[in-house]
Every structure is written in C-alpha cells, then in structure tokens.
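Numbers here are sequence positions counted from 1. Start at 1 and go down the list; that is how both ligands and their atoms are numbered.
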Amino acid sequence: MRAVLRDGYGPVDILRVSTVEDPVPGPGEVVVRVAAASLNMADLDHLLGVPRLARLGTGLTRPTNRQVGVDVAGTVEEVGPDVTGLRQGDRVWADLFDLGHGALADRVRVPASALSPLPDALSFDVAATAPHSGTLALQSLRATEPIRPGERVLVNGAGGCVGPFAVQLAKARGAVVTAVDHGDKLDFLRELGADEVIDYTREDFVRGDRRFDVVLDIADTRSLVALRRSLAPGGRYVLVARRISSFAEKALLGPVVSRLTGTRMSTFFWRPNQRADLDELARLLVAGDVLPRIDRRYGLDAAAEAFRRLESGAARGKILVVP
Ligand SMILES: NC(=O)c1ccc[n+]([C@@H]2O[C@H](COP(=O)([O-])OP(=O)(O)OC[C@H]3O[C@@H](n4cnc5c(N)ncnc54)[C@H](OP(=O)(O)O)[C@@H]3O)[C@@H](O)[C@H]2O)c1
C-alpha cells in the first residue's frame, strides 16, 4: 500500500509517498481502509517537530514515528483477534493523535477501541474534517459553564482549523458571535454565521469598548492582563493554548486574575478521540448545526502541497487528503 512518510523533522518538502507492507492487525486492532483524511495544525507541528520540547517524546534528533495524519474516516477492512463490536465493512472515524498517526495512507492499523461508528448520513469527506479540530472546539467551549442564548461570545483566531467549528457551535447555542481573524478571512467568517467580525491587523479587540461574556482564545496572542479588559463582569475566558509558555502563564495566573477582576480565566486539558465527543459531533453534523467547510482535496501524491497550503494560512476550511 502507499503511505505518506517523513524521515526527519520538516520542512514539508521532506514528505514522500512510499510503498510499504500492508498493515496486519494485532490483538484488539483493526485495519481501516482510509476513505479521507484531513489536515490540522497539529499535523504541521508533528511534521516540523514543534514545540521543540515535544521532541522529548517524539525523538530528539529524528522522529521515532514516520507516519503522518490524525483525522481519519474509512471502513474496517480487517479485524484482528479479540476484537468485538466491529466487522469488516463498518464505517468508522477517529483522531489518531495519540494512536501513532498514519491517516495519510491507503490503510492504517488502529486499536479497535479508538474507533467510533460513523452514521450513514455523513460522507467520509465531511467526517474526516471533524475529529481533531471539532473535538478541540467542543471541549474548549465545555471548559467553562455552558453558553446561554444571547450571550456575547468572541472567538479569537476564528478562521483556522478549530475556529469554524467553535463559531458554529456557539451560534447553535444561541450566542451572538464575534469572530476575529485576518482581514482576508472576514467574508468566510460571516459565511460561518458570525454576527460581527474583527480584522486583527486593524483592530485590537482588547482595546475596544466591547465586552464579552465568553472569549475563546485560539490565536493565543495576548496576556491575561490585556485579555481581562475584553470580559464583561463575570465573563469567562478559555485558552486553546498554542504556546507552552502561554499555557503556563494562564494556568498559574488565571485563578489570581479571576479573583481580582471578578472574571473566570481558564485553560483546559484536551482529551483527544473521546467516543462521546465524536457522537455529539456526528449529531451536530447530521442536524446541519455545524457545516464543515472543505477548502481543497489532494491525493496522497500531493500531500506536501496540501501541507504547504495549510502552512500558508490561505485555506478557508479543512484541507482533505484522499487516497
Ligand atoms: N489546549 C490544548 O490542550 C490544545 C490541544 C491541541 C492543540 N492545541 C492548540 O490549538 C490550536 C488550534 O488552532 P487551529 O488549528 O485553529 O490553528 P490555525 O488553523 O493556525 O488557526 C489560527 C487562526 O488564528 C489566526 N491568527 C493569527 N494571529 C492572530 C491574531 N493576532 N489575532 C487573531 N487571530 C490570529 C490565524 O490567521 P493567519 O492566517 O493570519 O495567521 C488563523 O486563522 C493550535 O495552536 C494547537 O497548538 C491546544
């Protein structure tokens, strides 16, 4: 079979398509025939080996894992010993972030317990957009108390991989949503349903007069002291951390700033690939409350090109890689 592999840490040109042996499922595992995969910033970080601290786990000078790709949707092709509840031909989806990656291939070997059933109503392309970034959006919005209809929610960094899910989830819960991103993406953000948009290159939301009940911070560009100005009394801030230093700052100082300012500043620990989250995403996708945006589709041979598009920031929605 064909698989996209890397022998070192970035740049994206190191990616190559190789012919490798077909995977064989071990006890408790299945082999999934990949119908579609999608790219996330986590895939780019994995490829580049950033943050460098992560290399303590992934290999100091060279990656120990050559496989690439976390979001996968496909069908079960082969079932290993001791697997119950899955049969050949079952439609499934998963986030392989902590399961060895490998979605950018014709087939991938996965622990059976990590796979969730994919409803017939969802196409493989649509399903592949959601496990990683959709789960991040769901869990970050759940990190604070639930959004109430009419609350003012600001999503900072709304135009990337996670933001479009977050904007639509907040709208589905009845929020009035302000989306912040680059000026080129404002039309895209309006199409997602944002009520207001802010171009971060022209306006700094922490300096304006507007106050928000919830700030979901995906871009992670400001300090807590600056961010507190954007919150209404009792307002909630949630960080989807981009930088370890920022996560540490906000985890340590958040409780102090919260107490002093009457707000709630929080971080959250992401738990990838939770069955309940994928089931909830499936319901939202089937109901049309969340409409995934697909930017472009690439074949395995064009994986490096797909990653270049992700890296450029030009994508409007998720980038698919389809074997
Ligand atoms: N908390 C956790 O446990 C956890 C777990 C996994 C992942 N993560 C993090 O979650 C994040 C996921 O984000 P993503 O995949 O949506 O990233 P993304 O695709 O890079 O999107 C980020 C968006 O923010 C925009 N942006 C850049 N600078 C900005 C600024 N100053 N103000 C407002 N927007 C700005 C970017 O636009 P441009 O094109 O202009 O740059 C981009 O559209 C990653 O940083 C990842 O590390 C957190």
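Ligand 1 has a nitrogen or oxygen under 3.5 angstrom from a nitrogen or oxygen of Asp181. Checked by distance only, ligand 1 and Ala219 stay at 3.5 Å or farther apart across all their nitrogen or oxygen atoms. At least one N or O atom of Lys185, backbone or side chain, sits closer than 3.5 Å to an N or O atom of ligand 1. The shortest N or O to N or O distance between Cys161 and ligand 1 is under 3.5 Å.
For atom 33 (C) of ligand 1, the closest heavy atom belonging to the protein is Asn156 OD1, 3.1 Å. For atom 2 (C) of ligand 1, the closest heavy atom belonging to the protein is Trp270 CB, 3.8 Å. Of the protein's heavy atoms, Arg242 CZ, 3.3 Å lies nearest to atom 45 (O) of ligand 1. Looking only at protein heavy atoms, the nearest one to atom 21 (O) of ligand 1 is Gly160 CA, 3.3 Å.
Nearest-residue assignment for atom 34 (N) of ligand 1 (options Ala315, Ala314, Ser133, Gly157; heavy-atom criterion): Gly157.
With a heavy-atom cut-off of 4.0 Å, Tyr200 touches ligand 1 through its side chain alone. Counting heavy atoms closer than 4.0 Å to ligand 1, residue Ile218 contributes side-chain atoms (C-beta onward) but none from N, CA, C or O. Of the heavy atoms in Leu136, only side-chain atoms (C-beta onward) come closer than 4.0 Å to ligand 1.
Put simply, part of Val240 is less than 4.0 Å from ligand 1, judged by heavy atoms. A heavy-atom separation below 4.0 Å is found between Ala241 and ligand 1.
The distance from ligand 1 to the heavy atoms of Met41 drops below 4.0 Å at these ligand atoms: 14 (P), 15 (O), 17 (O), 18 (P), 19 (O), 20 (O). Short contacts between ligand 1 and Thr221, defined as distances under 4.0 Å to a heavy atom of the residue, involve ligand atoms 30 (C), 31 (N). The ligand atoms of ligand 1 that sit less than 4.0 angstrom from a heavy atom of Val162 are 12 (C), 13 (O), 14 (P), 15 (O), 16 (O).
For the pairing with Thr129, the side chain to side chain contact (heavy atoms under 4.5 Å, CB included) check across Asp71, Ile319, Leu320, Val290 returns one residue only, Leu320.
For the 3.5 Å distance criterion, the side chains of Arg264 and Ser266 fail to qualify, holding no donor opposite an acceptor. Side-chain contact annotation: Ser133 with Asn40, donor-acceptor N/O pair under 3.5 Å present.
Of the charged side-chain nitrogens involved, none lies within less than 4.0 Å of a carboxylate oxygen, so that Arg296 and Glu305 do not count as a salt-bridged pair. The pair Arg283-Asp279 fails the salt-bridge criterion, with no side-chain N (NZ, NE, NH1 or NH2) lying under 4.0 Å from an Asp/Glu carboxylate O. Residues Asp217 and Arg222 are not paired through a salt bridge, judged by the lack of any N-O separation under 4.0 Å between the basic side chain and the carboxylate.
Between Leu189 and Ala179, the shortest heavy-atom distance links the atoms CD1-CB, 3.8 Å. Nearest heavy-atom pair, Trp93 versus Ala282, reported as atom, atom and distance to 0.1 Å: CZ2-CB, 3.7 Å.
For Phe247, the ring-ring contact (aromatic ring centres under 6.0 Å, His included) partners at least two apart in sequence or on another chain are Phe269.
Remark: Arg228 fails to qualify as a cation-pi partner of Tyr237 under the 6.0 Å distance and 45° angle criteria applied to the six-membered ring.
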